[in-house]
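One structure is given here, and the rest of the page talks about it.
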Amino acid sequence: MIDIEERLAHVLHDRAAGDVDAAALAAVATARGRRRLIRRRIGLAGAAALTVLAVAAAVPSLVPGVGQGRGEYVAQIASAPEAPGAAARPDLVGTDPNVLHFAVDPEVGTPVLWASLAGRETIQLMRDGRLVTVDMARDVVAFDKVLYDGVMAERPETWTDTTVDGRPAKVGTAANGRVVRWSPANGVWIDVSGYDETTDDLRAVAEGLWLDEALRCSVPFQLTTLPTGARVSGCEVNARGYPQSFSGSVLVSSSGGTMRIHAEYPPGLAGGKAANYQVAGRDAFLYPEHDELELLDEQAMYLTARAGDKLAGLDVDDATLVLAGVRLADPEDLASWPSPLVSPTP
Amino acid sequence: MTFEEYVASRGPALVRLARLLTADHHRAEDLAQDVLARAYVHWRRIQRADRPDVYVRRMLVNANISWWRRTRREVSVAWVDDRPAVDDLDGRSADRDELWQLIIVLPPRQRAVLVLRYYEDLDDATIAEILDCSAVTVRTHAMRGLATLRQRFAAQLTDTRSQR
């Protein structure tokens with residue numbers, strides 16, 4: 001009697017057989033790929049081109065290829081074609097600070113901030129000069145403590161029915177904006193919110209989300225050392241000021257507290273300090289409250305370790321350990337931005 | 001390796017894999033083209049990966065699962081069979097058809113594991129990398145898929161042969 005595994009192998013080889021025109025396949029794939037690239041660039045033109053041109057006239061280019069636009073910057077540092085989107089793996093949403101399990105059609109808006117922390121994945125878009133925020137999580141509770149520009153978002157007081165992609169959704173109205181909320185897949189919730197957006201505007205953004213793609217949260221540095229028992233719990237990239245400036249942050253958490261490792265480009269934002277501390281033989285400045293430690297001699301970027309109140313639970317020694325092991329990438333060479341956020345090897 | 005070189009050497013294998021994942025000849029072509037189009041956009045990053053093939057296969061598996069979840073349609077049995085008809089005096093061809101009908105209704109990740117193991121001949125560690133799960137999970141999917149096939153195939157075989 002033929003074993004099921006042997007039968008299985010025969011059947012699969014049988015069913016997969018058949019000629020494939022490799023030349024035609026390459027031609028179609030290349031043509032489709034080129035259209036995707038063009039679509040990304042055209043979709044960004046309205047949002048990014050005017051900003052880029054206006055800035056380029058007044059400020060020397062700080063980043064190579066400034067004319068490429070914010071969208072291509074996003075594509076270069078944030079693409080993660082190998083990672084599954086929320087459609088394929090809803091269980092992964094909010095579990096990995098390295099990855100956001102969705103992306104946005106560039107015709108809908110340009111990402112200017114993206115983050116994965118506290119079980120929530122966030123992309124903030126610039127759309128016709130206004131900010132729209134997309135949050136995704138496996139539990140709506142994760143949306144309750146959202147901060148927008150340092151202001152706690154208010155819970156909508158009224159909810160009405162609408163639809164997104166034919167699925168039931170709710171529109172919530174609060175004093176500081178409007179939100180469309182729905183569940184596109186089992187166990188996944190999405191909020192699309194804005195201050196001045198109409199319901200139709202927010203629905204248009206919602207229907208322009210790509211849940212079968214993923215973004216990488218990639219910053220211009222990599223951690224190689226963590227305090228015992230600590231883990232990377234969050235990541236944020238802020239490109240609102242692109243191309244003049246951008247920043248990346250990584251959150252390190254332990255049972256005692258959370259520390260934020262933050263890099264900003266360009267570096268000349270906090271000059272004039274005299275060194276009062278050393279990190280692995282490098283000049284540093286320990287703030288009087290002992291809640292922030294800054295590397296002073298880093299020429300390419302401004303780099304600090306900052307944590308809550310007086311480094312609660314994570315002390316100065318922990319901050320020193322982490323900063324001593326930071327491996328910096330060239331902020332102007334986007335291809336050099338490392339992944340993952342923590343090096344698997346020292 | 002350029003994108004064109006990759007498609008020339010590995011493209012046909014990708015389409016054949018897609019045929020088994022989708023159980024739909026036309027959908028397989030479309031899926032492979034779409035995945036390769038996305039790979040084209042990100043080729044600079046992909047070609048730097050240790051194993052670009054694993055990378056692209058992961059894209060293919062995820063794209064198929066996403067499509068399956070989005071459409072939630074019954075797997076099409078409208079399989080365009082261009083092979084010439086052969087006499088099937090010993091019933092083996094009919095048996096293979098019945099087994100195929102059971103394979104295509106397995107959950108997508110179980111089917112993906114069986115295809116990657118028994119068609120692509122990959123080890124569990126590589127399959128785990130493609131599916132972004134542990135090797136233990138791969139073995140669990142395989143075990144469950146095979147158990148289902150054994151049980152249903154045996155039952156179907158008994159029914160079919162009793163009618164001959």
Side-chain angles (χ1 to χ4, degrees), chain A residues 1-37 39-40 75-77 79-92 96 99 165 184-186 210-214 216 335 339, chain B residues 3-4 7-9 11-17 19-20 23 25 29 32-46 48-49 54-56 58-59 61-70 79 82-83 92 95-97 99-100 103 114-115 118-119 121 132 146 149-150 153-154:
Chain A
M1 181 175 172
I2 303 174
D3 176 70
I4 191 71
E5 291 172 79
E6 196 179 328
R7 287 183 194 271
L8 180 57
H10 281 309
V11 168
L12 293 177
H13 280 83
D14 197 36
R15 290 291 173 170
D19 291 336
V20 177
D21 186 337
L25 180 66
V28 172
T30 303
R32 282 192 185 183
R34 286 186 183 139
R35 281 198 296 275
R36 270 183 171 256
L37 278 176
R39 192 178 171 208
R40 282 177 186 262
Q76 283 191 49
I77 68 170
S79 66
E82 81 290 0
R89 293 295 302 274
D91 58 305
L92 294 182
D96 183 355
V99 180
D165 276 339
N186 284 345
W210 288 343
L211 301 186
D212 56 355
E213 291 204 7
R216 181 188 318 283
S339 178
Chain B
F3 176 77
E4 289 74 17
V7 177
S9 64
L14 202 69
V15 172
R16 294 190 186 99
L17 175 60
R19 287 171 181 169
L20 297 176
H25 196 110
E29 295 268 349
Q33 287 167 0
D34 188 60
V35 167
L36 286 170
R38 282 197 274 143
Y40 175 89
V41 174
H42 303 289
W43 190 247
R44 272 196 306 172
R45 182 186 286 271
I46 293 174
R48 284 201 303 268
V54 169
Y55 208 102
V56 176
R58 185 189 288 184
M59 291 172 68
V61 170
N62 285 331
N64 181 55
I65 292 174
S66 297
W67 170 82
W68 186 86
R69 284 179 191 266
R70 193 165 57 244
W79 178 260
D82 296 325
R83 296 166 300 172
R92 286 188 183 175
D95 289 349
R96 284 201 293 272
D97 286 342
L99 183 55
W100 175 245
I103 292 167
L114 295 183
V115 167
Y118 295 101
Y119 174 71
D121 224 14
D132 193 25
L146 288 172
L149 291 180
R150 278 195 190 94
F153 186 64

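A, B, ... follow the sequence lines: proteins, then strands. Residue 1 opens every chain.
A salt bridge does not link Arg38(B) to Glu82(A): none of the charged nitrogens lies less than 4.0 Å from a carboxylate oxygen.
If you measure heavy-atom distances from Ala83(A) to chain B, the contacts under 4.5 Å come from the backbone alone. Heavy atoms of Val115(B) lying under 4.5 Å from chain A belong to its backbone as well as its side chain. With a threshold of 4.5 angstrom between heavy atoms, Ala27(A) does not approach chain B through any atom at all. When heavy atoms are compared at a cutoff of 4.5 Å, Tyr119(B) approaches chain A by way of both its backbone and its side chain. There is no contact between Asp21(A) and chain B, counting heavy-atom distances below 4.5 Å. Only the side chain of Glu4(B) comes within less than 4.5 Å of a heavy atom in chain A; its backbone stays farther off. With a threshold of 4.5 angstrom between heavy atoms, Leu17(B) does not approach chain A through any atom at all.
Separation of atoms CZ (Arg150(B)) and CZ (Arg7(A)) is listed at 11.5 Å; rounding is to 0.5 Å. Atom CG of residue Leu99(B) and atom CG of residue Leu12(A) lie 8.0 Å apart, to the nearest 0.5 angstrom. Remark: Asn62(B) CG to Arg89(A) CZ distance equals 8.0 Å, nearest 0.5 Å. The line from CD1 of Ile4(A) to CZ of Phe153(B) is 5.5 Å long, rounded to the nearest 0.5 Å.
Most heavy-atom pairs under 4.5 Å with chain B: of the set Ala23(A), Gly18(A), Pro184(A), Ala26(A), this distinction falls to Gly18(A).
No side-chain donor-acceptor contact under 3.5 Å links Arg15(A) to the backbone of Leu20(B).
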Could you go through Tyr118(B) and His13(A), starting from their C-alpha distance and side-chain angles, then the distance that decides it, and tell me whether this counts as side-chain contact (heavy atoms from CB on, under 4.5 Å)?
CA-CA 9 Å; Tyr118(B) 295 101; His13(A) 280 83; over 6 Å; no
Given Leu8(A) and Leu146(B), is the side-chain contact (heavy atoms from CB on, under 4.5 Å) satisfied, shown in steps?
CA-CA 9 Å; Leu8(A) 180 57; Leu146(B) 288 172; 3.8 Å; yes
For Leu92(A) and Asp132(B), run side-chain contact (heavy atoms from CB on, under 4.5 Å): C-alpha distance rounded to whole Å, both residues' side-chain angles, the deciding distance at 0.1 Å, then the answer.
CA-CA 10 Å; Leu92(A) 294 182; Asp132(B) 193 25; 3.8 Å; yes
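The heavy-atom pair separating Asp19(A) from Arg19(B) by the smallest distance is O-NH2, 3.1 Å. Pro12(B) and Ala22(A) make their closest contact through CG-CB, 3.9 Å (heavy atoms, listed as atom of the first residue, atom of the second, distance).
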